[in-house]
Student: 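The structure is given below, and queries will be raised subsequently.
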Amino acid sequence: MSDLKIPVAPNSPLDVSTERDLSSLGTVGPVSLGCWRLTGSDDENIAIVSTAVDLGMTLLDNADVYGLNWGGTHFGACEEALGRVFDSVPGLRDRIVLASKGGIIPGVPYDSSADYLIEACEASLRRMNVDVIDLYQIHRPDMFTHPEEIAQAFTTLRTRGLIRECGVSNYTVPQTLALNGFLDSGLATSQPQFSATHLDPMRDGTFDLCMEAAITPLAWSPLAGGRIATGDDVRPELLTVLDELALRENVTRSAIAIAFVLAHPARPVAIVGTTQTHRLYELAKATSVHLTRTDVYRIVQASEGIPLP
Ligand SMILES: NC(=O)c1ccc[n+]([C@@H]2O[C@H](COP(=O)([O-])OP(=O)(O)OC[C@H]3O[C@@H](n4cnc5c(N)ncnc54)[C@H](OP(=O)(O)O)[C@@H]3O)[C@@H](O)[C@H]2O)c1
């Protein structure tokens, strides 16, 4: 009789530590820093950005609209704040991949017309006091601009040396494909919301397209805007699983949640948004966590509240 033993999967740890490839921009840390909440004093902003970069969080994600909330005062305020950080810390700008976004006129409308995007990008460059934005992204899809026009705007910005690579945020898969098809060198990134409480990109094709087309996902609000840390409005069974893994790995629940984001084979960058330097140290430990398939499928099931078939 043949040996009918079911093979035992090794259940080896998933990769959460390797640097992420960003096309011509080289590599960035798997955990990186967002500037949405960069509304503190200049000294606080210097501390948070410098600490992040020293910890290997080498992509900084900004947007022209950041500064309108979280204690900010106006459109453009977080880009201006980051520009002052660059002015104060010599050499910092050259150690990072600088990302920003345009295309939202506060609230609505969204505007990705070529004229608007080019002007918005020029204004972002002035506010951050830099010559080039490494990664320029459309913040939200403008359904009333043809993707070919957006591609032409990106090409113009690139030809003028104002941007190096381009990306999108909050785009559907068909929107991403349509724009990508008009670009000679393709999109470098796609920035969806993704966390242990928000799994859509794993299921709506976003991450599959990223893997197929060599687009790097940048996961926004990887701690669900802090809810995973505080536990507010998060399924208790998800908190239980994250806490068990945190105890096993000797890190915080937040570090486990970030490691979960990093474990997907699309190799997302987790764009964290804390304004507290001590939390950056805690989150950086996500890259040394050992998560197996058993662990990540426990998180998925606890997140959705239904067992997988
Ligand atoms: N493309 C888009 O449409 C879009 C939308 C939203 C965000 N983003 C990007 O994603 C970045 C991150 O978003 P996010 O700020 O919502 O990310 P997040 O890392 O999920 O949340 C950060 C928030 O959680 C709070 N928090 C509470 N306890 C924490 C803990 N133990 N550890 C860490 N944080 C804790 C932080 O407060 P403290 O400051 O007190 O630590 C902060 O307010 C933004 O800066 C932006 O670059 C993009």
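Whatever order the structure lists them in is the order used to number ligands and atoms, beginning at 1.
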Student: Return a yes/no value for Leu283: is any of its N or O atoms, backbone included, closer than 3.5 angstrom to an N or O of ligand 1?
Tutor: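 No - when backbone and side-chain N and O of Leu283 are compared with those of ligand 1, no distance drops under 3.5 Å.
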
Student: Counting heavy atoms only, which of Gly225, Ala270, Ala257 is nearest atom 21 (O) of ligand 1?
Tutor: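 Looking at heavy atoms only, Gly225 sits closest to atom 21 (O) of ligand 1.
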
Student: Hey, looking at atom 48 (C) of ligand 1, which of Trp70, Trp36, Tyr66 has the closest heavy atom?
Tutor: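 Nearest option to atom 48 (C) of ligand 1, by heavy atoms: Tyr66.
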
Student: Could you go through the salt bridge (Lys or Arg N to Asp or Glu O under 4.0 Å) check for Glu304 and Arg203 one step at a time?
Tutor: CA-CA 12 Å; Glu304 297 180 329; Arg203 295 202 188 274; 2.7 Å; yes

Student: Please walk me through it: do Asp64 and Ser100 pass side-chain contact (heavy atoms from CB on, under 4.5 Å)?
Tutor: CA-CA 7 Å; Asp64 56 10; Ser100 201; 5.6 Å; no

Student: So Gln191 and Gln137, side-chain contact (heavy atoms from CB on, under 4.5 Å) or not? Walk me through it.
Tutor: CA-CA 9 Å; Gln191 185 172 150; Gln137 306 154 95; 2.7 Å; yes

Student: Give the residue, atom name and distance (to 0.1 Å) of the protein heavy atom nearest atom 15 (O) of ligand 1.
Tutor: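 For atom 15 (O) of ligand 1, the nearest protein heavy atom comes out as Arg37 NE, 2.6 Å.
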
Student: Which residue holds the protein heavy atom closest to atom 6 (C) of ligand 1, what is that atom called, and what is the gap in Å?
Tutor: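 Looking at atom 6 (C) of ligand 1, the protein heavy atom closest to it is Trp220 CE3, 3.1 Å.
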
Student: Centroid separation under 6.0 Å, is that true for the rings of Tyr110 and His139?
Tutor: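 No, the ring centres sit 6.0 Å or more apart.
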
Student: Can you pull out the closest protein heavy atom to atom 36 (C) of ligand 1? Residue, atom name and distance to 0.1 Å, please.
Tutor: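 Ranked first by proximity to atom 36 (C) of ligand 1 is Thr274 CA, 4.1 Å.
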
Student: As an exercise, identify every atom of ligand 1 less than 4.0 angstrom from a heavy atom of Glu282.
Tutor: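 In order of number, 31 (N).
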
Student: Please identify which atoms of ligand 1 are closer than 4.0 Å to at least one heavy atom of Asn170.
Tutor: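 Answer for ligand 1: 1 (N), 2 (C), 3 (O).
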
Student: What about Lys101: any of its N or O atoms under 3.5 Å from an N or O on ligand 1?
Tutor: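 N/O-N/O distance below 3.5 Å does not exist for this pair.
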
Student: Test of understanding: given a 4.0 Å heavy-atom threshold, classify the contact between Ala224 and ligand 1 as side chain, backbone, both, or neither.
Tutor: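 Within the 4.0 Å criterion, Ala224 contacts ligand 1 through backbone atoms alone.
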
Student: Which protein heavy atom lies closest to atom 1 (N) of ligand 1, and at what distance to 0.1 Å?
Tutor: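 Heavy-atom neighbour on the protein nearest atom 1 (N) of ligand 1: Ser169 OG, 2.8 Å.
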
Student: Strictly under 4.0 Å, does any heavy atom of Gln193 approach an atom of ligand 1?
Tutor: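 No, Gln193 has no heavy atoms under 4.0 Å from ligand 1.
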
Student: Write out the residue and atom name of the closest protein heavy atom to atom 25 (C) of ligand 1, then the distance separating them to 0.1 Å.
Tutor: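 The closest one turns out to be Gly226 CA, 3.7 Å.
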
Student: With heavy-atom distances below 4.0 Å as the criterion, list the atoms of ligand 1 near Asp61.
Tutor: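 Here the atoms of ligand 1 in question are 9 (C), 46 (C), 47 (O).
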
Student: Closer than 4.0 angstrom, basic N to acidic O: yes or no for Glu244 and Arg298?
Tutor: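 The answer is yes: the pair qualifies as a salt bridge.
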
Student: Could you list which atoms of ligand 1 come closer than 4.0 Å to a heavy atom of His139?
Tutor: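 Counting atoms of ligand 1 from 1, those under 4.0 Å from His139 are 1 (N), 2 (C), 3 (O).
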
Student: Could you tell me the residue and atom name of the protein heavy atom closest to atom 19 (O) of ligand 1, and the distance to it rounded to 0.1 Å?
Tutor: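 Here the closest protein heavy atom is Gly273 N, 3.1 Å.
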
Student: Quick one: does Ala229 get an N or O within less than 3.5 Å of an N or O on ligand 1?
Tutor: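 Ala229 vs ligand 1: no N/O contact under 3.5 Å.
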
Student: Mind checking whether Ser221 contacts ligand 1 via backbone (N, CA, C, O), side chain (CB onward), both or neither, at a 4.0 Å heavy-atom cut-off?
Tutor: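 Near ligand 1, Ser221 shows its backbone as well as its side chain.
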
Student: Below 30° counts as parallel, above 60° as perpendicular, anything between as tilted: where do the rings of Trp36 and Tyr66 land?
Tutor: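 The arrangement is tilted - the two ring planes meet at 30° to 60°.
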
Student: Would you mind finding which of Leu60, Leu218, Leu223 brings a heavy atom closest to atom 34 (N) of ligand 1?
Tutor: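 Of the listed residues, Leu223 has the closest heavy atom.
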
Student: Hey, is Asp134 close enough to Arg164 for a salt bridge, meaning N to O under 4.0 Å?
Tutor: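 Here Asp134 pairs with Arg164 in a salt bridge, since their nearest N and O are under 4.0 Å apart.
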
Student: Give the atom numbers and elements of ligand 1 that come within less than 4.0 Å of a heavy atom of Cys35.
Tutor: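 Result: 45 (O), 47 (O).
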
Student: Among protein heavy atoms, which sits nearest to atom 39 (O) of ligand 1, and what does the distance come to when rounded to 0.1 Å?
Tutor: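 Of every protein heavy atom, Thr275 OG1, 2.5 Å lies nearest to atom 39 (O) of ligand 1.
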
Student: List the atom pairs, with distances to 0.1 Å, where a side-chain N or O of residues 214-224 and a protein N or O form a donor-acceptor pair under 3.5 Å, not counting sequence neighbours.
Tutor:
{"unit_1": "Thr216", "atom_1": "OG1", "unit_2": "Asp21", "atom_2": "O", "d": "2.7"}
{"unit_1": "Trp220", "atom_1": "NE1", "unit_2": "Asn170", "atom_2": "OD1", "d": "3.0"}

Student: For atom CG of Asp232, decide whether the heavy atoms of other residues, nucleotides or ligands shown that lie under 6.0 angstrom number more than 12.
Tutor: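 Buried by this count: over 12 neighbours within 6.0 Å.
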
Student: Under the 3.5 angstrom rule, does the side chain of Ser23 hit a backbone N or O of Leu25 as a donor-acceptor pair?
Tutor: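 Such a contact is absent between Ser23 side chain and Leu25 backbone.
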
Student: By salt bridge (Lys or Arg N to Asp or Glu O under 4.0 Å), which residues pair with Asp200, not counting sequence neighbours?
Tutor: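 Per chain and number, Asp200 pairs via salt bridge (Lys or Arg N to Asp or Glu O under 4.0 Å) with no residue.
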
Student: Using heavy-atom distances only, which candidate in Arg140, Arg279, Gln276 approaches atom 37 (O) of ligand 1 most closely?
Tutor: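 Selected option, by shortest heavy-atom distance: Arg279.
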
Student: Identify the protein heavy atom lying closest to atom 12 (C) of ligand 1, giving its residue, its atom name and the separation to 0.1 Å.
Tutor: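 Going atom by atom, the protein heavy atom closest to atom 12 (C) of ligand 1 ends up being Ile271 O, 3.0 Å.
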
Student: Would you kindly say whether Glu237 and Thr240 are connected by a side-chain donor-acceptor distance under 3.5 Å?
Tutor: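 No donor-acceptor contact under 3.5 Å links the two side chains.
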
Student: Within the supplied structure, the quantity of interest is the number of heavy atoms (other residues, nucleotides, ligands) at a distance under 6.0 Å from Arg293 CZ; does it exceed 12?
Tutor: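 Atom CZ in Arg293 is not packed in, count stays at 12 or less.
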
Student: Please work out whether the ring planes of Phe207 and His264 are parallel, tilted or perpendicular, with thresholds of 30° and 60°.
Tutor: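 If you compare the ring of Phe207 with that of His264, the planes turn out tilted.
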
